[in-house]
Amino acid sequence: MSESPLPTGKPAHQNVTFDSNGTPAHGYLALPPTGSGPGVIVIQEWWGLTDHIADVTDRLAAEGFVALAPDLYGGNVAHDSQEAFRMMQELPVERGVELLSGAVDHLLALPEVTSDTVGTVGFCMGGGFVLYLAAKDPRVSAAVPFYGVIQGEVPDFSGLKAQILGHYGERDETVPVPTLDGLGRTIREQSGIEPDFRMYPADHAFFNDGRPEVYDADSARTAWSATTDFLHTTIK
């Protein structure tokens, strides 16, 4: 158990450094107003650890969670989709999961974290990593992929312990609706867990209020309410 890195009793956030398999990793940590709560990992889109992801982390803290957003790109942020695609391709899935497992180690070691497991919330690329991490790490009890993009092979879900709540857009060409039937079936057959995939009349990235061309306020509001309720109920 490490010493408390942040003051309690009021909202607080800071950049943190933690160990990930012997190498330093970085992230953005936010505490709830009470100073303690269940732990949640927030996983970035392919753009990087942007202001939007930091804002989501702060919003989860305001809902009572100790929220940590690991920086999977080591401080780099993409400025266009071509650069984002290149940066995503340069991050092997195995390395991403390794970094995220180190973030779980760090989060659960914080005295402010009151849970024995963590929840995960991720977007686009991060939504795919939500599923990869949950499939590998039994300390993840709640997995929430927003329009999650799975890179490469579908993970082996035979060791999955987490309950899954997924949010997807009906008009999302990046994650076509028909592909979710096969993904849900694989999860169900390999783990015995029934994922809850919910559809919204929206496009890909509908939760990102920094992108007005795709942001859908009603869908985002409904998905957020469901997410916070799910996390409070599921993380133990």
Side-chain angles (χ1 to χ4, degrees), residues 13-21 23-31 39-62 65-107 118-134 137 140 143-152 166-169 172-175 203-216 220 223-224 227:
H13 54 252
Q14 70 172 45
N15 296 322
V16 295
T17 300
F18 56 91
D19 178 80
S20 178
N21 198 29
T23 61
H26 307 280
Y28 178 82
L29 178 70
L31 285 182
V40 176
I41 299 289
V42 183
I43 311 179
Q44 67 193 50
E45 294 174 295
W46 69 346
W47 306 108
L49 208 174
T50 60
D51 289 344
H52 169 64
I53 296 300
D55 178 64
V56 172
T57 307
D58 288 340
R59 290 175 62 185
L60 283 166
F65 301 100
V66 177
L68 171 63
D71 187 347
L72 299 182
Y73 288 167
N76 295 314
V77 175
H79 297 93
D80 57 51
S81 58
Q82 184 175 5
E83 185 180 20
F85 180 75
R86 176 185 59 79
M87 293 166 70
M88 180 178 71
Q89 292 296 105
E90 290 175 352
L91 176 67
V93 169
E94 296 79 8
R95 177 54 183 154
V97 173
E98 184 180 76
L99 284 167
L100 293 168
S101 290
V104 175
D105 291 338
H106 180 72
L107 193 59
V118 302
T120 53
V121 179
F123 306 86
C124 183
M125 177 190 81
F129 272 119
V130 161
L131 296 176
Y132 280 112
L133 180 64
D137 197 327
V140 176
V144 185
F146 277 75
Y147 30 86
V149 175
I150 293 180
Q151 303 173 63
H167 304 295
Y168 299 88
D172 189 344
E173 297 180 358
T174 305
V175 187
D203 297 296
H204 187 73
F206 70 80
F207 190 79
N208 191 337
D209 55 7
R211 297 185 59 198
E213 73 276 15
V214 291
Y215 175 62
D216 186 295
W224 180 254
T227 295

Drop me the distance from [X]'s [atom1] to [Y]'s [atom2], to the nearest 0.5 angstrom.
X    : Y    : atom1 : atom2 : answer
N208 : I53  : CG    : CD1   : 7.0 Å
L29  : T17  : CG    : OG1   : 11.5 Å
L100 : S20  : CG    : OG    : 8.0 Å
L99  : F129 : CG    : CZ    : 8.5 Å

(request) Identify the two heavy atoms, one from A143 and one from V130, that lie closest to each other, and give their separation to 0.1 Å. (result)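 The answer is CB-CG1, 3.5 Å.
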(message) Give me the atom names and distance for the closest heavy-atom approach of M125 to E45.
(response)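 Nearest pair, atom of M125 first, then E45: CE-O, 3.7 Å.
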How about [X] and [Y]: do any of their side-chain heavy atoms sit closer than 4.5 Å?
X    : Y    : result
H167 : T227 : yes
I43  : V121 : no
T120 : L131 : no

(request) Please answer whether the main-chain N or O of A220 pairs with a side-chain N or O of Y215 as donor and acceptor at a distance below 3.5 Å. (result)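 Answer holds: no.
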(message) Suppose we screen for side chain to side chain donor-acceptor pair (under 3.5 Å). Which residues come up paired with Q44, at least two apart in sequence or across chains?
(response)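 Here no residue qualifies.
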(request) State which residues pass side-chain contact (heavy atoms from CB on, under 4.5 Å) with D51; sequence neighbours excluded, sorted by chain then number. (result)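 By the side-chain contact (heavy atoms from CB on, under 4.5 Å) rule, D51 matches no residue at all.
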(request) Give me the ring orientation class for F123 and F207: parallel if the planes are under 30° apart, tilted from 30 to 60°, perpendicular past 60°. (result)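 Judged by the thresholds at 30° and 60°, the geometry between F123 and F207 is parallel.
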(message) Quick check on Q82: does its CD atom have over 12 non-hydrogen neighbours (other residues, nucleotides or ligands) under 6.0 Å away?
(response)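 No, the 6.0 Å shell around CD holds no more than 12 heavy atoms from other groups.
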(message) Tell me whether the count of non-hydrogen atoms from other residues, nucleotides or ligands lying under 6.0 Å of CD in Q89 goes above 12.
(response)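 Yes - once you tally the heavy atoms of other residues, nucleotides and ligands closer than 6.0 Å, there are more than 12.
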(request) Please name all residues satisfying ring pair (Phe, Tyr, Trp, His ring centres under 6.0 Å) with Y28, sequence neighbours left out, ordered by chain then number. (result)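 Testing Y28 for ring pair (Phe, Tyr, Trp, His ring centres under 6.0 Å), a comparison that skips the adjacent residues, returns H13.
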(request) State which residue, out of F206, Y168, W46, fulfils the ring-ring contact (aromatic ring centres under 6.0 Å, His included) condition with Y147. (result)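 In the set F206, Y168, W46, the residue that makes a ring-ring contact (aromatic ring centres under 6.0 Å, His included) with Y147 is F206.
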